[in-house]
Amino acid sequence: MPPLPPAFYAQDVEEAARALIGVDLTVDGVGGTIVETEAYDVADPASHSFAGVSARNAAMFGAVGHAYVYRIYGLHHCLNIVCGSPGSAVLIRAIEPRHGLPRMQERRGIDRPLRQLCAGPGRLCAALAIDLALDGAQLNAPPFRLITPERHAPIVTGPRIGITKATDRPRRFCMQDSPWLSRPVSNSLAASQHN
DNA sequence: GACCGGATGTACT
DNA sequence: GTACATCCGGTCG
C-alpha cells in the first residue's frame with residue numbers, strides 16, 4: 001500500500017486522470033477509492049487555466065502533486081490534482097466511500113442515501129471537508145493520503161460534464177460499472193479501455 | 001464599478 | 001424537469 005510516487009504527478013494530465021482511477025484518497029483518514037475524474041489543461045477552453053494565471057487558479061500553475069481547490073456556484077467546492085505540464089489538473093468527480101463513513105454522513109446528512117455521499121465533485125468535497133483552506137496544499141502530506149491501487153480496474157471514457165466548451169473531447173474517466181459515479185457514462189459516446 | 005455566468009447540489013413539481 | 005441558493009473571477013465599460 002505505497003503512497004503515489006512524486007513521478008506520478010509529472011505524467012501527462014490525461015494519463016494521470018486515467019491512472020488516478022482506483023487510487024485510494026483520504027483527507028484526515030476520511031475518503032475512499034477514486035472512481036471518476038476529468039482532465040483539464042491550458043489549451044482547453046473549458047479549463048480555468050485557459051485564460052492564464054490568476055489568483056484563483058495559481059495552484060494549477062504551481063508544482064505538480066498539489067491540490068487546486070476552488071469554489072463553484074458560490075456554495076460548493078471542487079478538488080483538482082495538479083499534474084503534468086503547467087496549468088494542467090485532474091478534477092476528482094466521485095469516490096467510492098470506504099473510510100470514515102460516520103464522519104461523512106455527519107457532514108452530508110445522516111439520512112442521505114449512501115450512493116449520493118461522494119457522487120459529484122461538490123458532494124465529495126463536503127464529505128471530506130475539503131475547502132479553500134486546502135487550495136495549494138501538498139498531496140503527499142497530511143491531511144491528504146493517496147495510495148497506489150493494487151490492480152487497475154477497467155476504465156470507461158466519455159465527454160466531460162457540466163461544461164459548455166470543448167464538450168466533444170472524451171476527457172472524463174470512470175471505473176467501469178461503478179455504482180458510485182456522479183452520472184453514468186452515456187452509451188453512445190463511451191469507449192471501453194484498459195490501463 | 002457593474003454585470004455575467006459558471007467543471008453544482010438540493011428541493012421542490 | 002425546473003427553480004433556486006449564493007459567490008467570485010473575468011470581462012467590459
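Please read these numbers as outputs of a predicted model, since none were measured by experiment. Just so we're on the same page: letters track the sequence lines, and every chain starts at 1.
- R172(A) comes within 4.0 angstrom of nothing in the nucleic acid, heavy atoms only.
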*Footprint string (nucleotides 8-13 of chain C, 5' to 3'): B base within contact, S backbone only, - free, heavy atoms under 4.0 Å*: -SS---
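- In this entry the distance linking NZ of K165(A) with P of dG6(B) reads 7 Å, nearest Å.
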Could you go through residues 71-86 of chain A and list every donor-acceptor pair under 3.5 Å that involves a side-chain atom there, pairing it with any protein atom two or more places apart or in another chain?
residue : atom : partner : partner atom : Å
R71(A)  : NH1  : G74(A)  : O            : 3.1
N80(A)  : ND2  : Y68(A)  : O            : 3.2
S85(A)  : OG   : S88(A)  : OG           : 3.2

Taking only nitrogen or oxygen atoms into account, show me every contact under 3.5 Å that the protein makes with nucleotides 2-6 of chain C, one pair per line with its distance.
residue : atom : partner : partner atom : Å
dT6(C)  : O2   : Y73(A)  : O            : 2.8

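- Residue order along DNA chain B, read from the 5' end via each residue's closest nucleotide, puts T164(A) first among Q116(A) and T164(A).
- Of the options I21(A), V156(A), L181(A), a side chain to side chain contact (heavy atoms under 4.5 Å, CB included) to Q176(A) is made by V156(A) and by none of the others.
- Residue I147(A) shares its hydrophobic cluster (ILVMFWY side chains chained together at separations under 4.5 Å) with M1(A).
- When the P atom of dG9(B) is taken as reference, atom CD1 of I161(A) falls 9 Å away, rounded to whole Å.
- Stem regions annotated for DNA chain C: B:1-6 with C:7-12, B:8-12 with C:1-5, counting only runs of 3 or more consecutive pairs of Watson-Crick or G-U type with both contacts under 3.5 Å.
- Residues M175(A) and I34(A) form no side-chain contact, since every pair of their non-hydrogen atoms from C-beta on lies 4.5 Å or further apart.
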Could you go through nucleotides 11-13 of chain B and list every protein N or O atom that sits under 3.5 Å from one of its N or O atoms, giving the distance for each pair?
none

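- For R98(A), the salt bridge (Lys or Arg N to Asp or Glu O under 4.0 Å) test picks out E96(A), with sequence neighbours left out.
- In the hydrophobic clustering of ILVMFWY residues, with side-chain heavy atoms under 4.5 Å counting as a link, Y70(A) and F61(A) come out together.
- Within the 3.5 Å criterion, the main-chain N or O of V42(A) finds no donor-acceptor partner in the side chain of S47(A).
- Residues from residues 118-135 of chain A with heavy atoms under 4.0 angstrom of DNA chain B, sorted by number: G120(A), P121(A), G122(A), R123(A).
- Within the 4.5 Å cutoff, the side chain of R172(A) has heavy atoms near those of the R183(A) side chain.
- Atom CZ of R145(A) is surrounded by 12 or fewer heavy atoms from other residues, nucleotides or ligands within 6.0 Å.
- A search for ring pair (Phe, Tyr, Trp, His ring centres under 6.0 Å) contacts involving F8(A) returns nothing, not counting sequence neighbours.
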Show me, pair by pair, the donor-acceptor contacts under 3.5 angstrom made by side chains of residues 127-142 of chain A, not counting sequence neighbours?
residue : atom : partner : partner atom : Å
D131(A) : OD1  : A133(A) : N            : 2.9
D135(A) : OD1  : V69(A)  : N            : 3.0
Q138(A) : NE2  : N140(A) : OD1          : 2.6

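- At a threshold of 4.5 Å between non-hydrogen side-chain atoms, the residues Y40(A) and R160(A) count as touching.
- Within residues 81-97 of chain A, the residues having any heavy atom under 4.0 Å from DNA chain B are, by residue number, L91(A), R93(A).
- Note: the hydrophobic cluster containing L91(A) also contains I163(A) (ILVMFWY, side chain heavy atoms under 4.5 Å, direct or indirect links).
- Atom pair R108(A):CZ and dT8(B):P shows a separation of 14 Å (rounding to whole Å applied).
- Checking side-chain atoms of R123(A) against main-chain N and O of A119(A) turns up a donor-acceptor pair under 3.5 Å.
- Residue pairs meeting the salt bridge (Lys or Arg N to Asp or Glu O under 4.0 Å) criterion with at least one member in residues 72-90 of chain A, sequence neighbours excluded, do not occur.
- Between I95(A) and T33(A), every side-chain heavy-atom pair lies at or beyond the 4.5 Å cut-off.
- Judged purely by atom type and a 3.5 angstrom limit, R93(A) has no side-chain atom pairing as donor or acceptor with the backbone of E36(A).
- A heavy-atom distance below 4.5 Å is not found between the side chains of E14(A) and D41(A).
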